[in-house]
Structure formats: structure tokens, C-alpha cells
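Okay, so here's the structure we're looking at.
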2 protein chains.
Amino acid sequence: MATIRDVARAANVSVSTVSLFLSQPHRVSEATRERVSSAVDKLHYRPNGTARDLRTRRTNTIGVFLHNLSGPFYSELIAGVEEITDTLGLTTIVSGVSKNQLQGSLRLLREGRVDGAIILDPDIESRDLRRYASASLPVVVLDRGLSAALQSDYVTAVAADHQEGGYLAGRHLLDMGYSRFIFIAGPIDSEDSRLRHRGFFNALHEAGVDTMTVPVVHGDFKEKGGAQAMSALLNNGLAADAVFAANDEMALGVMQTLSLKNIRVPADIAVMGFDDIRLARYVSPSLSTIHQPMYELGRAAMTQLDRAMSGETRIPPVTLPTTLVVRESTASQQKKAGDNYYAAP
Amino acid sequence: MATIRDVARAANVSVSTVSLFLSQPHRVSEATRERVSSAVDKLHYRPNGTARDLRTRRTNTIGVFLHNLSGPFYSELIAGVEEITDTLGLTTIVSGVSKNQLQGSLRLLREGRVDGAIILDPDIESRDLRRYASASLPVVVLDRGLSAALQSDYVTAVAADHQEGGYLAGRHLLDMGYSRFIFIAGPIDSEDSRLRHRGFFNALHEAGVDTMTVPVVHGDFKEKGGAQAMSALLNNGLAADAVFAANDEMALGVMQTLSLKNIRVPADIAVMGFDDIRLARYVSPSLSTIHQPMYELGRAAMTQLDRAMSGETRIPPVTLPTTLVVRESTASQQKKAGDNYYAAP
DNA sequence: GATACTCATTGAATCGTTTCGAAGGAGGGG
DNA sequence: CCCCTCCTTCGAAACGATTCAATGAGTATC
């Protein structure tokens, strides 16, 4: 590979002139511009990014660290991030799809290969984040308790309002006339699941439902986990008319189990998810859920990151609203409710 | 940030000793090892990756360039790549999800920020690839005509056998007794679509079907495009009993249109896709399709890349088999076929 | 006791850029 | 004719690591 020295020699100018030509062509005279330009072409010169990074102490790259790429879900998030990075002249790289990639992701942070990071990966520990975050490499965490942001000047947070989402789900089910609930939670240490749980129970409590009597089972946020949780509940002879799963994947599993046992959704039991993944719209019956604004989350995260990269510290966390999406799996219970609470005509 | 000099000073040794300690601790004496180690801890020293890259001329990073992340489809591919990079001690980064990110992706290539690249993005031109590929940055292209690989010593290719896939689709529809076909192709310049098309027609031709009479419409590989293509065909009063779409997304669009027009699948018309995206299993009726082994493709690509990074040149391209996945959307036509070809009992 | 060998340590060069201060020359104003 | 300014170009010093040949001390060999 030709270096800037080779170009300088070929064009008979100094290295600094070539560098100047590269960054601000108008600053060199017509004549040299020509010579340098043709030398660049002839030698197929391409600047070495690593050398530039070393000298400028910037990589012009920001990293998005995910533990999963499934669905347009995350792809939307990334698109949101990229909308902003594009306007800032930064390049976005994504890392950390599989578990074992964790080391590689940390390396990018540790060795300062990016100028900033957006992290949506529960496997990356907050301690590591605090250690690696700095003025020259600020970090935005997504969907981790907002409290995480308070620990360091260079870490801030963006999250969907999971608690409100849980509340919306609860209200919706109540509004539709359901009264005997089951909650299928995520992993015990999932902050998201905890907040959705709390919001859900708040809604029930407000309506006078004794939440102590609402069974809670923990799943793993995956389809199979949801299916197993539901099976277990049914085998225990549990009766209910509405299931709220802490995410759509598990809700799909729930529907699968119900379908296997010939329990009709929503006639016999309603199912509600959280996330609004693409599949939710396509399954039959289609799944009512709480929509998370992934694109907006991506935009917000990158906006925060940009502020941090511009020197701002202790940026307050941002919470984005979720919205209720009503589909077939929670169709009105009016009829059934009528059977229960009103005298038959 | 502390540098290696700071550590050296704190530990009262030379920079080279610290460097040696970092890479081969057993090579420094017990005493200095202690001192250096504690200096490292005290100063929170972390080596600067950029400086190391510059000196060693390696980044230990390989890039995967995608134009799309939708579905576990690509996430599988990345997982396959990562399985290999993990064992090689390399870090995988993904780039190029949105259109405007193209520049950023090219920058990573142009400026040599990765040691190798796997490319699945029709928007990155082959010309650029040939220009940027080199012994120190070999490239593997996915799902681009294999011929692309023949153009440079440092570019090789991996692809699913699209033509065979198309053939399998054709055979399957014929076996099920369908006889009047429609093909919904991808964009005109999609090599993949062309191969699927050719395979499909080969099967029909073999069975004595006059492929000249099979209508072909070009879509954009997206759901909406498939829906529009199908609408257009129906409005033209076209009759058919089987539609083969060049990918699942378009097949979904086709099913949507059919459902709107109250045409039953597969009773009135069969639909077949290509890719085997996750949704294919969930829609109703579920979609018969051709499965692409994404995980294996990722593994194969990374394996090729590793060989190239080890100095091998002109590595022959690899083709992986596709498989037929039969679901509900192409249920047997026996009854209908009976009506057509056999005397009713 | 001289020679050879091992082992830990070091100084200096190098990777390929950017950047800063200064030099040199041209042109304009007084 | 001199001084000032502006423009173009340049040399040299970073940036922070790795690497290699050289040094010196200690030990083994004969």
C-alpha cells in the first residue's frame, strides 16, 4: 500500500502538503493540486485510518452493542441510530450478537476503538461500563434501570417506559372485562420485566384486584419458555381468563400451548404481549401488545451520545412512551362478562 | 488515559519491559512482574488499540457488511460467522444496515479498519470490492454471482444454490399437481432472483411445461411489492393455480392480496416462497418455501475468509445446498388434479 | 580463569498520519 | 523602496504502541 510519503515523493512536495490537499484542497495552489491529485490516483493512495485515529485521537466511529439481532426490532433501533450518525459524519458499527462475542465487544470498548457506545446487552456488566466510559468514550445504556446512569458522569440512559407499558396492558385487559389474570415474567434479574410487572399490578390494584392472587411465573423471554410456563400453569389446574406475558416471544409460546390444548384465544382466554415484534401482527389470532418505539429509542440514544461526545456530562436519562396496540388476542369479553355479572335476558 | 510510558515510569522500568510483560508475562522476572503489574492496576492502564494496530498492521477485527438485518435470517448468518471468529480470537463487527450507511461501510474497508470482510450487500459495487480487496484485507462476497470472485485474487464467494432451490420449488409444485404457474421475480439486477428463476423454469421445462406462457412480474423483494404484483396480475384477469415468489417477503404480500380478494390458499391457488424466514412458519396458512442455510453460510464465509487471511489466494467459491420446506400453502392438489385429469367417479 | 551461553532489560526505530510554527515569496500600500 | 499581509509550502514533533539488536549480569562448561 502506498503511503502519504510515497505520494509526496511522486508529486515532489512535502508530506504536509499532501495532507493539506487531502483535507482542504482549496488551500493548495492550482498547480500542486494537480500534481498531488494525479499522484494520488496513480498510486491508488488511500489514507490509513489507523494512523489517522492514532494521531487525531478519534475514530469517528460509534459502537452499538447488542446481545441479539432478532427481528426488525433491533434493526429499527439501529436505523434510528444511523439516522443521526449519518448527519454527524460518523460510522456505526454493531457488535456482540452471540454470547461468546462478549469478549470482542468489550475489547472494542477497552481499547478505545470507538468514540462512543450505545449498549443494549444485559450481559455487559454495569461495572465494566463504568470502568470503560470516559470523556473520550461516553456510553448510553438502553433498557437498563435508569439508575445505572447515575453512577458515572459519562454514562447516560434511554429507555422505553416499561412501567407505563405494563400499566397500559393491565388497563386494557380490565377494560375488556377480563378479571382473572396470569403474569408471565422475564428472567428474575431483568429490570425491564420488573417494571412491566409493577405497572401491570398497579393497574390491577387500582381496579381493586387483589394482586396477591395473581400467579406469576418466570420465563426466559423466549418462545419456548413462554410455552413451558403456560403448560405448567395449566397442568396445575389454574383457571384464568387473561394472560399477560412480559414480551411477545413468550406470548407466542403461550398461544402455542393454548392452541395445543384446544383452548381458544381470545374466546376462552386472552393473551397480551409486550414489544410489538413483527410476528405479533401475523400470527393468528394476531397478538395485542405494547409497542416500543425502537426507531425513536435509537434516535434518542444517539442524540444523547452526541451531546456526551460534545463534552456534556451527567446528562439526565430519557424515557420514551409506549403505546397500546389492540389486536385480536384480547377481543372484547363483553359477552362473557355479561354472563358473569348481568342477569341473562 | 495512562499510556505505556506512564506505566513504565511508575514501575521504574523501560517501556519495552512493560510491553513484554503485557504480551508474555513469564518472560519478565518475578520482581519486575510485581511492580509492573501493580503500576498497571494503579494507573488503570489499558493499551491503546489504535496504536497497536498501527504498529502491528493488524486490527484483529473482521467486518460483516449487510444492507439489512431483518429477521433471525441475518442474525443466524452473523452467529455462524462469530462461531468461527471466536475460535480465531478475532472480533466481528457488523456495518451497513441502512442505505446512507454505505459511505461509512466503505470507509471501514477503504481505510483498512478491518483485516477482512464478508459482504452481503448488493449496494456495495463489485468494482469497489476489487479495489479495496488485497492480501491484507481479503473479501468474501455472499450471494453475488460467483463470477464476482473470479475477478480478483483476494475476493472469493459463498452462496446458497439458488438455482437448485428454484428447481426444487418447481418440482414440488409439479409434484403436487399444479400446472398453471406465475413467477414473481425480484429486482431485475438481482443475481439471486435470476438463478431462482432459471432453476424454476428448468423444472417446469423438464416436465413439459411451456415456460414461455408463464407470466413473470418483477417485484422488489418486499412484502408490499409482492402484494402489488399479485394485484396487478389478478386485475389483468390472469388465471393460475400456483405462484412462486422469489422470496418469502413477496410471498407474504401475495398471500395478503389473495386473502383480500377472498381467494383461498392453497385451495384456489398455491403459494411458495424462498428463504424460509421465521414468519413463514407462523402465517396462516403457513408458507412452503426453500430454506437457505444461513448459519452454515456464515460459517462457510468465515472459513473462506480465514484461509484468505492466512495467505491463500484465488480460493474457489463455495456453494451450499438449499432444502425444500413443505407447509400448508402448497397442500396437495390431488382433488383438483383429479377433476382435471381423471374421470370423476 | 577464560569462554560461551542464558536471561532480563533496554534504547531506538518504526508504523502513517496530522498539526503547528516558521520560512519564503508575491503583491499592495504608503 | 520598505514594510506588512497573505498565501503556499515545509520540517519536525507528536500520537502510543511493538520489535529487534544490543547490553550487561550471572551461570555453566571445559
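Every chain is numbered from 1 and lettered A, B, ... according to where its sequence line falls, protein lines coming before strand lines.
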### A/Gln101 side-chain N/O to B/Thr92 backbone N/O, donor-acceptor pair under 3.5 Å
yes
#### Entry: Results of side-chain hydrogen bond (donor to acceptor under 3.5 Å, both in side chains) for A/Asp86 - residues two or more places apart only
B/Asn100
### Summary
In numerical order, the residues of residues 2-9 of chain A whose heavy atoms come under 4.0 Å of DNA chain D are none
Tabulated below should be each protein N or O lying under 3.5 Å from an N or O of nucleotides 19-26 of chain D; please produce it.
from	atom 1	to	atom 2	distance (Å)
D/dT19	O4'	B/Arg55	NH2	3.4

### Query
Within a strict 4.5 Å, meaning less than it, do heavy atoms of the B/Thr91 and B/Thr85 side chains meet?
no
### Summary
B/Ser136 meets the side-chain contact (heavy atoms from CB on, under 4.5 Å) criterion, sequence neighbours left out, with B/Ser134
### Query
B/Asp53 CG to D/dC15 C1': how many Å, rounded?
14 Å
#### Entry: Partner residues of A/Tyr45 under the side-chain hydrogen bond (donor to acceptor under 3.5 Å, both in side chains) criterion, sequence neighbours left out
none
### Non-hydrogen atoms of B/Ala308 and B/Ile315 that approach each other most closely
N-CD1, 3.5 Å
### Task
Select from B/Arg57 and B/Arg35 the residue whose nearest nucleotide in DNA chain C is closer to the 5' end of that strand.
B/Arg35
#### Entry: side-chain hydrogen bond (donor to acceptor under 3.5 Å, both in side chains) partners of B/Ser95, counting only residues at least two apart
B/Ser105
### Query
Roughly how many Å is it from CG in B/Asn48 to P in D/dC15, rounded to a whole number?
11 Å
### Query
What is the nucleic acid contact for A/Thr32, judged by heavy atoms within less than 4.0 Å: base, sugar-phosphate only, or nothing?
sugar-phosphate
### Message
Can you give me the bend angle of the helix from C/dG1-D/dC30 to C/dG30-D/dC1? Use the axis through the first five pairs and the one through the last five, nearest 10 degrees.
### Response
50°
### Query
Do A/Gln292 and A/Asp143 touch side chain to side chain, with heavy atoms closer than 4.5 Å?
yes
### Message
Going by the rule side-chain contact (heavy atoms from CB on, under 4.5 Å), which residues pair with A/Ala51 if we only count those two or more places apart in sequence or in a different chain?
### Response
A/Asn48, B/Leu54
### Query
Rounding to a whole Å, what distance do you find between A/His26:NE2 and D/dT9:P?
13 Å
### Summary
From CZ of A/Arg113 across to C1' of D/dG16 the rounded distance in Å is 13 Å
### Any side-chain heavy-atom pair of B/Ile119 and B/Leu142 under 4.5 Å
no
### Query
Which residue pairs satisfy the salt bridge (Lys or Arg N to Asp or Glu O under 4.0 Å) criterion with at least one member in residues 32-41 of chain B, sequence neighbours excluded?
B/Glu30-B/Arg33
### Task
Not counting sequence neighbours, which residues clear side-chain hydrogen bond (donor to acceptor under 3.5 Å, both in side chains) with B/Asp123? List them please.
none
### Query
Between A/Arg52 (CZ) and D/dG16 (P), how many Å, whole number?
18 Å
### Task
Report the residue (A/Ala31 or B/Tyr45) whose heavy-atom-nearest nucleotide on DNA chain D is the more 5′ of the two.
A/Ala31
### Message
Base, sugar-phosphate or nothing for B/Thr17? Non-hydrogen atoms, less than 4.0 Å.
### Response
base
### Summary
At a 4.0 Å cut-off to heavy atoms of chain B, the contacted part of DNA chain C spans C/dA8 to C/dG16
### Query
Quick one: do A/Arg113 and B/Asp53 make a salt bridge, cutoff under 4.0 Å?
yes
Would you be so kind as to tabulate the donor-acceptor pairs closer than 3.5 Å made by side chains of residues 57-66 of chain A, with sequence neighbours excluded?
from	atom 1	to	atom 2	distance (Å)
A/Arg58	NH1	A/Asn60	OD1	3.4
A/Thr59	OG1	A/Thr61	N	3.2
A/Thr59	OG1	A/Thr61	O	3.4
A/Thr59	OG1	A/Asp115	N	3.3
A/Thr59	OG1	A/Asp115	OD1	3.0
A/Thr61	OG1	A/Thr59	O	3.0
A/Thr61	OG1	B/Arg107	NH2	3.0

